[in-house]
Structure formats: structure tokens, C-alpha cells
Enquirer: 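After the C-alpha cells below, expect a handful of questions from me.
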Amino acid sequence: SNPYQSRPLFVGFIAFVKLLVNNLSIIEFSDYQQFKVSIFLVQLFILYFIVRLFIHIAKFHKLGIKETVLIFIVCSIPSVRWNLFFPSVGNLTFLFFLISINFLTNIKKNKKNENIIFMLLGFLSLAHMSAIIYGLAIKLYKFIKDKKIKTQQIFQLILLSAPYILYRLVISISKFEYYDWHKNVYKQFYWIIESFQKKSLNTKESGCQTFQSF
């Protein structure tokens, strides 16, 4: 019944942390308070990996506590308003971006373990589908660089897309009906298709700005 059905990994992780908060907390929280605390802890967990990757990519060495805290604050500035107490995925998309940048900046070193990045992004697509977009961006970069399609690249596309396709397949054969929150409420990306079909768009309902003519 969760509206974010396309993000089972993200929603499931929050539910798992909420279960821990409920069982381990000394203070008795309401269900809503448990939810907010769980989101806060999950976002801090994601921010931890963001900071570690940021430091690794920037090649900062021998940082003290003050420098690390400063980097944490800089990386979490958008989160103070939008993410820390909301089930937002802004931090996730930033993390995926850093994962992709880290791979591309060390592409020769990571050549032997190239399949792992697509397996990882495929798994993370269950937290947010933008992980697939980042995987495709890496594929596009490699295609432009190599100027040819290899059998390994097709296998990597399977690794990238298989987890989400498998998830949707499980939903389709279950008794549940898949609800696309992005399409039905915000029309994310779907407005592009509708614009080519010359359908009239209600921008108030879709939550996005559109152009009626070109």
C-alpha cells in the first residue's frame, strides 16, 4: 500500500530501521515519531557513504575531524531542508552520481571488475530507478570511447535491468496491483510522451511545467 512501490529497497530499509527503533528505543515513540526517526537514521547512513565517496574522489588525505565535519555539512546542505526528515531520494541520486563518477575516473583500474558496477546499480535501482539511468550513461560513455558493441556490454545491460524487471515480474504474478505514483500523481517523464501525442496536460496535477507549443 506504500505509494513508493517502485522503490522497494528504500522503503524496505526504512521499515527495517523502524522495526529496530521500535524494539530498541528506551523512549516510547508514537508510530509517526518512529517513522521520522527511522528516516533520519537512513538519511544519515546514506550521507555517510556520500562523504566517504566524495573524499575518495577528491583525493583528500589525512583529514582531521573538523575537515571531515565540514565536508559532511557541505554535502548535506540540500538535505537540511529536503531530505533529513522526509522519505526523499535526493541523497540517493547524489550517491549514484558519485558512484558513477568514481567508476569513470578509475575506469582503467576497474576494467577487470567492470560487471560489478552494473550489478550494483541494478540492485540500487530497487531504491530509485535513476540508478539505471546512471548505468546507461556509463554505457554511453564507453560506447563513444570504444565505438563498438561487445558481447560483454549486452550482458552488463542485463545485469543493470534484471533486478527491476524481476521485481515487476513478481508483482505481476502476485495478487497485488502495481501502482505507479510517479505517473499517476506527478506524471514524471510521462508528460513527454503525452506532449508528442498532443494531449492537453493539467500542470497543476502533473506537478511539472510544460509547453503547449514549440
Enquirer: Return the minimal non-hydrogen interatomic distance between Gln34 and Asn22, and the atom names on each side.
Expert: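 Minimum heavy-atom contact is NE2-OD1, 3.2 Å.
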Enquirer: Against Lys18, only a single residue in Asp31, Leu41, Val37 fulfils side chain to side chain contact (heavy atoms under 4.5 Å, CB included); can you say which?
Expert: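 Exactly one candidate clears the test, Asp31.
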Enquirer: When the side chains of residues 48-58 are checked against the rest of the protein, which donor-acceptor pairs come out under 3.5 Å, sequence neighbours left out?
Expert:
from: Tyr48; atom 1: OH; to: Arg52; atom 2: NH1; distance (Å): 2.7
from: His56; atom 1: NE2; to: Asn102; atom 2: OD1; distance (Å): 3.4

Enquirer: Within a radius of less than 6.0 Å around CG of Leu140, do more than 12 heavy atoms belonging to other residues, nucleotides or ligands occur?
Expert: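 For Leu140, atom CG is crowded (more than 12 foreign heavy atoms under 6.0 Å).
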Enquirer: Do Leu126 and Phe176 sit in the same hydrophobic cluster, where Ile, Leu, Val, Met, Phe, Trp and Tyr count as joined when their side-chain heavy atoms come under 4.5 Å apart?
Expert: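 Different clusters.
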Enquirer: Can you get from Val11 to Leu19 by hopping between Ile, Leu, Val, Met, Phe, Trp and Tyr side chains that sit under 4.5 Å apart?
Expert: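 Hydrophobic grouping puts Val11 apart from Leu19.
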Enquirer: Under a 4.5 Å cut-off applied to non-hydrogen side-chain atoms, are Leu136 and Leu157 in contact?
Expert: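 The answer is yes; the side chains approach within 4.5 Å.
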Enquirer: Where does the angle between the aromatic ring planes of Tyr164 and Tyr167 fall among parallel (under 30°), tilted (30 to 60°) and perpendicular (over 60°)?
Expert: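 Tilted: the ring planes of Tyr164 and Tyr167 meet at 30° to 60°.
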Enquirer: Shared ILVMFWY cluster between Val170 and Ile165, side chains joined below 4.5 angstrom?
Expert: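 Cluster IDs for Val170 and Ile165 differ.
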Enquirer: Which value, rounded to the nearest 0.5 Å, describes the distance between Phe97 atom CZ and Ser130 atom OG?
Expert: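 Output value for this atom pair is 12.0 Å.
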Enquirer: Look up atom CG in Leu124 and atom CZ in Phe96, then write down how far apart they are to the nearest 0.5 Å.
Expert: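 Result: 4.5 Å between the selected atoms.
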Enquirer: If Ile, Leu, Val, Met, Phe, Trp and Tyr residues are connected whenever their side-chain heavy atoms lie under 4.5 Å apart, and connections chain through other members, are Met129 and Leu166 in the same group?
Expert: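 Per the 4.5 Å side-chain linkage, Met129 and Leu166 are not co-clustered.
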Enquirer: Gln43 side chain to Phe40 main-chain N or O, any donor-acceptor pair under 3.5 Å?
Expert: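 Not confirmed, Gln43 side chain does not pair with Phe40 backbone.
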Enquirer: What's the verdict on side-chain contact (heavy atoms from CB on, under 4.5 Å) for Phe45 and Val17, showing C-alpha distance, side-chain angles and the deciding distance?
Expert: CA-CA 11 Å; Phe45 179 79; Val17 174; over 6 Å; no
Enquirer: Does Phe123 CZ have over 12 foreign heavy atoms under 6.0 Å away?
Expert: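 It does not: Phe123 CZ has 12 such atoms or fewer within range.
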Enquirer: Any heavy-atom pair between the side chains of Ile46 and Phe94 that's under 4.5 Å?
Expert: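 No, side chains not in contact.
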Enquirer: Within this structure, what is the CG-CD1 distance for the pair Leu159 and Ile154, rounded to the nearest 0.5 Å?
Expert: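 Between Leu159 CG and Ile154 CD1, I get 12.5 Å after rounding to 0.5 Å.
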Enquirer: Partners of Glu114 by salt bridge (charged side-chain N to carboxylate O under 4.0 Å, His left out), sequence neighbours excluded?
Expert: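 Once residues adjacent in sequence are excluded, the partners of Glu114 under the salt bridge (charged side-chain N to carboxylate O under 4.0 Å, His left out) criterion are Lys142.
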Enquirer: Looking only at heavy atoms, which two atoms of Ile14 and Ser38 are closest? And how far apart?
Expert: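 Heavy-atom minimum between the residues: O-CB, 3.9 Å.
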Enquirer: Side chains of Leu92 and Arg7, heavy atoms from C-beta outward: is any pair under 4.5 Å?
Expert: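 Counting from C-beta outward, Leu92 and Arg7 never come under 4.5 Å.
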Enquirer: For the atom pair CG (Leu169) and CD1 (Ile173), what is the distance rounded to the nearest 0.5 Å?
Expert: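 Output value for this atom pair is 5.0 Å.
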Enquirer: Begin from the C-alpha positions of Phe72 and Leu44 and carry the test side-chain contact (heavy atoms from CB on, under 4.5 Å) through to its verdict.
Expert: CA-CA 10 Å; Phe72 179 85; Leu44 287 182; 3.9 Å; yes
Enquirer: Is Leu104 linked to Ile133 within one hydrophobic cluster, defined over Ile, Leu, Val, Met, Phe, Trp and Tyr using a side-chain heavy-atom separation of less than 4.5 Å?
Expert: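 No, it is not one cluster - the side chains of Leu104 and Ile133 are not joined through contacts under 4.5 Å.
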Enquirer: Looking at side-chain heavy atoms only, is the closest gap between Tyr134 and Ile99 below 4.5 Å?
Expert: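 No - every pair of side-chain heavy atoms lies 4.5 Å or more apart.
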Enquirer: Distance check, rounded to the nearest 0.5 Å: Thr93 atom OG1 versus Asn91 atom CG?
Expert: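 Here the interatomic distance stands at 7.5 Å.
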Enquirer: Which pair of non-hydrogen atoms, one from Ala127 and one from Leu9, has the smallest distance, and what is that distance?
Expert: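 Reported closest heavy-atom pair: N-CB, 3.7 Å.
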Enquirer: Would you find a donor on one side and an acceptor on the other, under 3.5 Å apart, between the side chain of Ser125 and the backbone of His128?
Expert: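 Such a contact is absent between Ser125 side chain and His128 backbone.
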Enquirer: Run the side-chain contact (heavy atoms from CB on, under 4.5 Å) test on Ile71 and Leu63 for me, step by step, so that the C-alpha distance in whole Å, both residues' side-chain angles and the decisive distance to 0.1 Å come before the verdict.
Expert: CA-CA 10 Å; Ile71 292 174; Leu63 293 179; 3.6 Å; yes
Enquirer: A cation-pi test, strictly: NZ or CZ of Lys36 under 6.0 Å from the centre of the six-membered ring of Phe29 and no more than 45 degrees from its axis. Yes or no?
Expert: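 No - Lys36 does not lie over the ring of Phe29 by the 6.0 Å and 45° rule.
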Enquirer: Before giving the answer on side-chain contact (heavy atoms from CB on, under 4.5 Å), spell out for Phe118 and Ile138 the whole-Å C-alpha distance, their side-chain angles and the decisive distance to 0.1 Å.
Expert: CA-CA 9 Å; Phe118 296 101; Ile138 293 174; 3.8 Å; yes
